[in-house]
Amino acid sequence: MHWKSQENELALVKQATDCLILTDQQLCAISDSLSHEISAALAGPVDNSLHVYPTFISQVPDGCERGKYLALDLGGTNFRVLLIHLKGNRHSSVLNETYSISQELMQGHGQELFDYIALCLFNFVRAQGLLGQRLLLGFTFSFPCTQTSLRQAVLTKWTKGFSCADTVGQEIGQMLNRAIGKHQHLQIEVAAIVNDTTGTLISCAYQETDCRMGVIVGMCEQQRLCLNNDTGYFLGTGVNICYMETTCFDKQMIVNTELGAFGSGNKCLDFMRTEWDLRLDRHSINTGHQLFEKMVSGMYLGELVRLVVTDLVHRGILDSKVFALFSEPNCFITSYISQVEQDPEDSVTWENTRALLHSLGVLSPSAIDCKCLHLICTRISRRSAHLTSAVISSLLRRMSRARTVIGVDGSVYRCHPHYKTVMKDKISQLLQRLHCGHLEFRLMLSQDGSGRGAALVSALPLSEQSGPVSKCSRCREYDGLSGELDCRVCAVTA
Ligand code: BGC
């Protein structure tokens, strides 16, 4: 192609993808929408607002916690059993084993899933020579749950490919205890059920006393296999945030926002959803749900890039011969975005982008082909990082703490070359615009938070965090937050 028409190609790609750029004004509007959603949800959820979940954890560790605890971590197609030794000086050591969960178990009977989990736990405990020993266990169960106490959690819905139908509406702690009870020599007590965001917050707070927020920006399971990290395990497929709420309860409490669902009910994000977002949603297994997650999480970012590319090929902007391979759904996985963005935007050689395209079968991509793909990847990943920044700034403003450490995990945050820096800069800019420039924050990468965090919660003094805030006069079980009509246990079991 002649260089002039190549430059034209780039200009057209820029123009067509401008809709992916969000201005600070739009991001502040998103922060405001979230503030309203959270306030409404805490006052008592209405059908089309976000549902947020109190966790019954009202304190963070002080670093002096000691002892050996077990933890289970279930949040995707792998799950782990961990033995955590808390040493009392903000240090801990961890032994863990990863087990895979088959498709049949993910979609079969709930109790069979829990029986399998208990069997793996039994094998692990036996291998550690701990059979017969009484141990407390923290269970990281990363799905939306209504907690009735620290150790009781009713599953609201499955996400991330799970669909054991006989589990929604059931109490997870009971199902796990029932399964553990089938093994005579397992003397294990389920002391806490937590979300992965809560685990992240708590484990970071073990090291940094100012940690009050936990964030996961995850990636899909198949993509984990394409990456290497030191543990061989990547956390979280979805997106979610928890934070310490101080105004709504008698005492402070960590609240799980289940933020992946933001914008799904009241359509407050519709103004920025592009044709590609709509298409991705239409072809997903949960159309109309988890709309924020679908613009932010690594489970979807690669597919969004692919949808943009195929659309631009269809419109005659991108070269159909070069980008022919993009026609296969889900062929462009999110870790490819990280690989492309390893190249600087003014690259001459396009070393990483070329290597990727070569490996995918494109033998001689031009510099402009690489540049166009780089631009599309950058715009999709920036939008994700900016949206995450908007919701974090909103919660920082809500907490209004002079200094907050934010524990973050998830493969997108860990593996993307610029995500962290983009987030840091954007949160600062948005705080300024929201007149909260005086609030200091620090992003802290969590080290295996989902496992360690559950163990740490089990180690916190029970008197501080196990009881309901106030009892519902109807079911007599649960805090109604602001009265019987808002009781979520009643709402779930009605
Ligand atoms: C789940 C959350 C979880 C997040 C990250 C979402 O799909 O609903 O509970 O925290 O994924 O794993």
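Keep in mind that this is a model prediction, so the values were computed, not measured. Atoms within a ligand are numbered from 1 in the order they appear, just like the ligands themselves.
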- Should you measure from each heavy atom of E258, which atoms of ligand 1 turn up under 4.0 Å away? 1 (C), 2 (C), 8 (O), 9 (O)

- Task: Just say parallel, tilted or perpendicular for the rings of H416 and H418, cut-offs at 30° and 60°.
- Result: perpendicular

- Message: Quick check on contacts: which atoms of ligand 1 are under 4.0 angstrom from a heavy atom of F143?
- Response: 9 (O)

- Parallel, tilted or perpendicular for F143 and W158, by the 30°/60° rule? perpendicular

- Is a salt bridge present between D210 and R401, judged by a nitrogen-to-oxygen distance below 4.0 Å? yes

- Task: Could you tell me whether D196 and ligand 1 have an N or O pair separated by under 3.5 Å?
- Result: yes

- Message: Applying side-chain hydrogen bond (donor to acceptor under 3.5 Å, both in side chains), can you list everything that pairs with Q252, at least two apart in sequence or on another chain?
- Response: none

- Query: Which of the atoms in ligand 1, numbered in the order shown and given with their element, are less than 4.0 Å from a heavy-atom of N195?
  - Reply: 2 (C), 3 (C), 9 (O), 10 (O)

- Query: Can you find an N/O atom of T159 closer than 3.5 Å to an N/O atom of ligand 1?
  - Reply: yes

- Task: Assess whether atom NZ of K424 is packed by more than 12 heavy atoms of other residues, nucleotides or ligands within 6.0 Å.
- Result: no

- Item | Any G260 heavy atom less than 4.0 Å to ligand 1 | no

- Under a heavy-atom criterion of less than 4.0 Å, does P144 contact ligand 1? yes

- Set of side-chain contact (heavy atoms from CB on, under 4.5 Å) partners for S93, sequence neighbours left out: H85, K87

- For S142, counting its heavy atoms only, list the atoms of ligand 1 lying under 4.0 Å from any of them. 1 (C), 2 (C), 3 (C), 9 (O)

- Query: Relative to atom 4 (C) of ligand 1, which among T198, N286, N256, N240 owns the nearest non-hydrogen atom?
  - Reply: N240

- Query: Looking at E293, which atoms of ligand 1 are within less than 4.0 Å of one of its heavy atoms?
  - Reply: 6 (C), 7 (O), 11 (O)

- Spell out, as yes or no, whether a donor-acceptor pair under 3.5 Å connects the side chain of S458 to the backbone of A191. no

